[in-house]
Amino acid sequence: MTLRDGARKELPPGGTIRDLAFQIGERLGRATVGGRIDGAAEISDLRTPLLQDCRVDLITADSPDGLHVIRHSAAHIMADAILSLWPAAKLAIGPAIDEGFYYDIDLDQRLTPEDLPRIEAAMQKVIAADTAFERCTVDRSVEIVRARERGDIYKAELMEGIAADAEVTFYRHGAGAFEDLCRGPHVPSTGYVKAFRLQRLAGAYWRGDEKNRMLQRVYGTAFYSKKELEEHLARHEEALKRDHRKLGRELGLFLMDPVAPASPFFLPKGALIYNRLQQHMRELYRESGYQEVITPQIFDASLWHRSGHYEHYKDNMFFTKVDEHECAVKPMNCPAHTIIFAAEKRSYRELPLRIADFGRLHRYERSGVTSGLTRVRTFCQDDGHIFAASEQIQAEITALIAMVRGVYTLFGFNTLKVFLSTRPKESVGSDAVWEQAEQSLRDALGANGVEYVVNAGDGAFYGPKIDFIVLDALKREWQLGTIQLDFNLPERFDLNYVASDGSLRRPVMIHRAILGSIERFIGILIEHTGGNFPFWLAPEQVRVCTIADTHEPWAREVLSALMQAGVRCSSDFTNSKTGAKIRDARLARLPFTIVVGGRECEERTVALRERPDVDRGTMGLPALLALFTELERSKA
RNA sequence: GCCGACGUAGCUCAGCGGUAGAGCAGCGGUUUCGUAAACCGCAGGUCGCGGGUUCAAUUCCCGCCGUCGGCUCCA
C-alpha cells in the first residue's frame with residue numbers, strides 16, 4: 001500500500017484499512033474512521049479489505065472527512081434514540097450535511113422542541129454504551145421483502161432504487177439492537193460521537209418532492225470535540241447577531257410591512273446605501289462603455305409570449321389587465337432591451353452594444369421561500385445586456401470577469417467560487433446552439449485561468465451561465481453575479497446587424513449582473529460587515545458631539561464645514577453625557593465620531609474617534625476634511 | 001404551496017380564562033457633564049385580523065394574514 005506521504009506498507013492477505021492504520025501506530029489506529037482508496041470520492045469503511053496494491057489516504061476522526069463520518073454515525077444514533085422513544089417511527093433518510101446531520105422520519109405524533117432534549121438524553125445512553133458499528137452485507141431482495149412486511153416503505157423504496165448487482169449493506173450498533181440500510185462508513189463505535197447537539201425540527205418532503213408525504217426532519221450537528229462544537233455554536237450566535245433583518249431594523253435601513261409581503265421599504269439610510277451602490281456601478285459603467293436606459297414596468301403579454309417567459313417563467317410573474325389586454329409586470333429587463341436593439345438598423349460598428357438598466361423587477365416567489373432582503377418579490381438588479389458579434393464573446397466575458405473581481409474585492413469578498421451551469425431539462429434552442437454557447441463560456445474561463453466547477457443542468461432556460469459565489473466574513477456562501485449567454489432571445493426577436501460585408505448577422509446577447517440584486521446585495525453586505533459599512537457607503541459617516549452646551553457654536557461651525565464638503569454627518573448637541581453620546585454613535589455603527597469640548601473650542605480643533613474605538617487624536621478642520629475626502633475617493 | 005413554531009407599546013420581552021406589565025426608545029423637566037447608558041416624571045396597546053366556545057377570551061378552538069425555521073447536500 002502507498003500512503004499519503006508516499007510511504008509504502010505491506011499488509012498480510014485479507015488485511016483491512018483498520019489493520020493498515022494499526023500497523024502504522026496504535027494512536028493512529030484508534031483515531032482512524034475510514035480510508036479513501038486511490039483518491040476515490042467515496043470514503044471506504046475501516047473493514048474494507050485491501051486486496052491489491054493501492055494508494056490509501058487514512059481518514060482520521062478530526063479531519064473534515066472524518067467529521068462527515070462522525071455526523072453520519074450521529075444520525076444513526078439519533079435514529080436509534082428516536083425509535084427507542086417512539087417505536088412506531090419509520091426511518092427515511094439520515095445523511096451528514098455540511099453543517100451537521102439530519103434524519104427524516106415518518107411519525108404520526110408531532111415532535112416538539114421539548115422532545116429534543118429527550119432525544120439527546122436517549123442518544124447519550126447509546127453513546128455511553130459505546131457499542132461497535134457493525135457492517136454487514138445483505139441480500140437485497142430478501143431485505144426489500146422484509147422491509148415491505150414491516151411497513152418500512154422508505155427503506156424498501158431506497159433499496160429498490162439500488163442497482164440489482166450492487167452490494168447492499170446494513171450497519172448495526174447496540175449489539176444488533178439498531179440496524180439501518182447504509183452505505184457507510186461509520187466510526188468504529190458509538191463512543192466516538194463525543195460532541196453533538198440537536199438543533200431544530202422541520203418538515204421535509206420524502207425525496208424533496210412536494211407531491212410526496214411530509215416527513216419530520218430533526219436537524220443536529222456533531223463535532224470531533226466539545227471545543228469545536230462550542231465554537232460552531234458561537235459562530236451561529238454571531239450569525240444571528242448579524243442577521244440583516246435584525247440589523248436592518250436596528251440601524252433604520254429598511255422595514256417590511258404586511259401590506260407588501262416580501263417587498264422592502266428602504267428608509268432614508270437604507271436608500272442612501274442603495275443609491276451609493278448604484279452610483280458606484282454607474283461609475284464602472286462609464287469606464288466600461290455601458291449606456292444606461294430606463295424601460296417600462298408593464299408590458300403586453302405578447303412580449304412575454306415572444307420572449308418565451310410566458311411559457312417558461314409564468315409561475316413567477318405578476319399579471320394584470322389593461323384595457324382588456326393581458327399584461328405582465330416585468331420579471332427581467334432583457335425583452336425590453338431587445339426592443340431597443342431592434343428599434344434601429346444596427347451596424348457591426350455599434351457592437352458590442354452594452355445596455356445597463358436599474359429597472360424595478362417583480363417576481364412572484366412562493367410565500368414560504370421569501371426572506372428579508374435576500375429573497376424578495378420586488379428588486380432591482382445591476383442589470384445589463386451586451387449585444388455582441390460571436391467573435392466578440394470571449395473578450396466581453398474576459399472584461400466582465402475582471403469587472404466582477406474588482407467589485408467583489410472592493411467589498412472585501414476575497415474568496416470567489418465560479419460555477420458553469422449547463423443546459424437544463426426545460427430549455428429552448430437547438431442542441432448546436434447550446435453546445436456553441438457552453439463552449440464559448442468554457443473557452444473564456446479557461447483563457448482567463450479561472451477555476452470553476454460545472455453545474456450540469458443548472459443553466460437558465462435560454463442559455464448557459466457562469467455564476468459567481470463569494471464567501472462572507474462568517475465563511476458563508478452567497479451567490480452574487482452571473483454572466484449568461486443567450487442565443488435564444490436574438491432568434492425570437494429576429495435581431496440582426498449589418499456586418500462589414502453588408503450581410504445581416506444575428507448578434508448574441510450576454511445577460512450580466514455583478515451585485516445581482518441590489519436588495520440582496522445590501523442584505524449580504526449587512527451580514528458581511530455586521531452593519532459596519534465602509535466610509536464611502538455609510539449612510540451616516542460622522543457625528544459631531546458636544547460635551548456641554550457652551551461648545552455648540554464651534555460644533556456647529558464644524559458641522560457646517562463637513563456638510564459643505566459633502567460628508568454625511570449628523571450632530572448630537574443634546575444634554576446627554578459624553579459617554580452616552582459615544583455609546584449611541586457606536587451602536588449606530590458610525591465610522592467616525594467627533595467630540596468637541598472646551599479644549600477643542602479654544603484651539604479650533606476636533607477630537608476624532610474611529611470605529612470601533614480608535615482614538616485618532618485632535619486635528620484642525622483642513623486635516624479632517626482631507627482625511628474624509630481621501631476616504632471617500634479611495635473607497636477604503 | 002406544504003410541515004412546524006411564532007405574532008402583546010416603536011424595539012426586546014413578561015402575563016395565558018376575570019379585561020395588560022417591564023426595560024429601552026419617545027415626550028416634558030432637572031442636570032452642563034471629556035469617550036459604551038445621569039435623574040425625575042408623563043404618555044403610549046381594538047394583545048395581527050375575523051369567527052366560535054364561555055357569564056367572561058390577549059388567554060381555549062377554527063379560519064385568514066404575516067413572520068421565522070425547513071421542504072434531497074439523496075441508503
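Any value given below was found using the heavy atoms of this structure, including those in side chains, with hydrogens, waters and symmetry copies removed. The model shown is predicted, which means the values in this text are computed figures rather than measured ones. Below, chains carry the letters A, B, ... as their sequence lines are ordered, and counting in each starts from 1.
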**Prompt:** Does the side chain of R110(A) get closer than 4.0 angstrom to OP1 or OP2 of C3(B) through an N or O atom?
**Reply:** no
**Asked** Taking the P atom of each, how far is C62(B) from C6(B), in whole Å?
**Response** 13 Å
**Request:** Taking side chain to side chain contact (heavy atoms under 4.5 Å, CB included) as the test, write out the residues that go with D549(A), two or more places apart.
**Result:** none
**Asked** Any Lys/Arg nitrogen of E143(A) or K155(A) sitting under 4.0 Å from an Asp/Glu carboxylate oxygen of the other?
**Response** no
**Request:** When you get a sec, tell me which of U32(B), C68(B), A75(B) is the closest nucleotide to the side chain of A548(A)?
**Result:** U32(B)
**Asked** Hey, does Y219(A) reach any base, or is it just sugar-phosphate, or nothing, if we go heavy atoms under 4.0 Å?
**Response** sugar-phosphate
**Asked** Do L562(A) and I594(A) have side-chain heavy atoms sitting under 4.5 Å apart?
**Response** yes
**Message:** Before you tell me yes or no, could you show the steps for E600(A) and H551(A) under side chain to side chain contact (heavy atoms under 4.5 Å, CB included), namely the whole-Å CA-CA distance, both residues' side-chain angles and the distance that decides it to 0.1 Å?
**Reply:** CA-CA 9 Å; E600(A) 289 77 17; H551(A) 310 132; over 6 Å; no
**Prompt:** Roughly, in whole Å, what's the span from CE in M256(A) to C1' in C6(B)?
**Reply:** 18 Å
**Prompt:** What nucleic acid atoms does A204(A) come within less than 4.0 Å of, heavy atoms only: base, sugar-phosphate, or nothing?
**Reply:** sugar-phosphate
**Item:** T578(A), nearest nucleotide to its side chain (from G69(B), C3(B), G34(B))
**Value:** G34(B)
**Item:** Euclidean distance for P, C39(B) against G48(B) (whole angstrom)
**Value:** 33 Å
**Derivation and outcome, salt bridge (charged side-chain N to carboxylate O under 4.0 Å, His left out), residues K241(A) and E237(A)** = CA-CA 6 Å; K241(A) 273 190 225 153; E237(A) 287 292 311; over 6 Å; no
**Prompt:** Is A588(A) touching bases, backbone alone, or none of the nucleic acid, heavy atoms closer than 4.0 Å?
**Reply:** nothing
**Sugar-phosphate, base or nothing in reach of G579(A), heavy atoms under 4.0 Å** = sugar-phosphate
**Request:** Using atom NZ of K246(A) as one end and atom P of C68(B) as the other, report the distance to the nearest whole Å.
**Result:** 15 Å
**R599(A) bridged to E603(A) by N-O distance under 4.0 Å** = no
**Request:** Rounded off to whole Å, could you give me the NZ-to-P distance for the K581(A) and A38(B) pair?
**Result:** 11 Å
**Prompt:** When you compare G17(B) with U58(B), how far apart are their P atoms, in angstrom units rounded to a whole number?
**Reply:** 13 Å
**Prompt:** Partner of U67(B) by Watson-Crick or G-U wobble geometry, both contacts under 3.5 Å, or none?
**Reply:** A5(B)
**Request:** Please determine, for U53(B), whether a Watson-Crick or G-U wobble partner exists with both distances under 3.5 Å, and give it or none.
**Result:** none
**Comparing M214(A) and T574(A) on RNA chain B - which has the more 5′ nearest nucleotide** = M214(A)
**Request:** Return the value, rounded to whole Å, for the distance between atom CG of D257(A) and atom P of C49(B).
**Result:** 14 Å
**Complete:** Against the side chain of R217(A), the closest entry in G70(B), U32(B), C68(B) is G70(B)
**Fill in**
Across every strand shown, the nucleotide meeting Watson-Crick or G-U wobble geometry with G17(B) (both distances under 3.5 Å) is none
**Request:** Would you mind telling me which of A75(B), U12(B), U35(B) lies closest to the side-chain atoms of R249(A)?
**Result:** U12(B)
**Request:** Verify the contact: side-chain N or O of R200(A) to OP1 or OP2 of G70(B), cut-off strictly under 4.0 Å; return yes or no.
**Result:** yes
**Message:** Taking any heavy-atom pair under 4.0 Å as a contact, classify I162(A): base, sugar-phosphate, or nothing.
**Reply:** base
**Request:** Would you mind checking if R245(A) and D243(A) are paired as a salt bridge, meaning a charged N to carboxylate O distance below 4.0 Å?
**Result:** yes
**Message:** Does this structure show an ion pair linking E238(A) with R476(A), if we count only N-O contacts that are shorter than 4.0 Å?
**Reply:** no
**Request:** Please determine, for U46(B), whether a Watson-Crick or G-U wobble partner exists with both distances under 3.5 Å, and give it or none.
**Result:** none
**Fill in**
Scanning all shown strands, the Watson-Crick or wobble mate of A38(B) with both distances under 3.5 Å is U30(B)
**Complete:** Per the under-4.0 Å heavy-atom filter, residues of residues 593-602 of chain A near RNA chain B come out as V595(A), G597(A), G598(A), R599(A), E600(A)
**Complete:** Between T112(A) and S367(A), the residue closer to the 5' end of RNA chain B by nearest nucleotide is S367(A)
**Asked** Whole Å only: how far is the CG atom of L587(A) from the P atom of A25(B)?
**Response** 11 Å
**Message:** Distance check needed: U32(B) P versus E552(A) CD, whole Å only.
**Reply:** 16 Å
**Complete:** Among the nucleotides A37(B), C33(B), G70(B), whichever has the atom closest to the side chain of K577(A) is C33(B)
**Prompt:** How far, in whole Å, is U30(B) from C47(B) if one measures between their C1' atoms?
**Reply:** 36 Å
**Asked** Hey, is the main chain of Y219(A) close enough, under 3.5 Å, to the side chain of Q199(A) for a donor-acceptor pair?
**Response** no
**Asked** Which one, U35(B), A75(B), G66(B), comes nearest to the side chain of R609(A)?
**Response** U35(B)
**Item:** Watson-Crick or G-U counterpart of G10(B), or none if no pair lies under 3.5 Å
**Value:** C24(B)
**Request:** With the side chain of S371(A) defined as its heavy atoms from C-beta on, choose the nearest nucleotide among G4(B), G69(B), C71(B).
**Result:** G69(B)
**Asked** Is G372(A) touching bases, backbone alone, or none of the nucleic acid, heavy atoms closer than 4.0 Å?
**Response** sugar-phosphate
**Item:** Atom-pair distance (CG on D572(A); C1' on U35(B)), nearest Å
**Value:** 12 Å
**Request:** Measure from CD1 on I105(A) to C1' on C71(B) and round the result to the nearest Å.
**Result:** 15 Å
**Message:** So, under a plain 3.5 Å distance rule, would you say the side chain of Y205(A) forms a donor-acceptor pair with the base of G1(B)?
**Reply:** yes
**Message:** In whole Å, measure the gap between the P atoms of U12(B) and A20(B) for me.
**Reply:** 23 Å
**Complete:** Partner of D106(A) under side chain to side chain donor-acceptor pair (under 3.5 Å), picked from Q216(A), K90(A), R213(A), is R213(A)
**Item:** Distance test, side-chain N/O of R583(A) to OP1/OP2 of C24(B), below 4.0 Å
**Value:** no
**Prompt:** Which nucleotide, G1(B), G66(B), A75(B), lies nearest any side-chain atom of L158(A)?
**Reply:** A75(B)
**Asked** Which part of the nucleic acid, if any, lies within reach of A607(A) when heavy atoms closer than 4.0 Å are counted: base, sugar-phosphate only, or nothing?
**Response** base
**Request:** Would you classify I547(A) as touching base, sugar-phosphate or nothing, given that sugar-phosphate means primed atoms plus P, OP1 and OP2, and contacts are heavy atoms under 4.0 Å?
**Result:** base
**Prompt:** T546(A) pairs by side chain to side chain donor-acceptor pair (under 3.5 Å) with which of K581(A), R556(A), E552(A)?
**Reply:** K581(A)
**Asked** D98(A) has a side chain; which of A75(B), C73(B), C33(B) sits nearest to it?
**Response** C73(B)
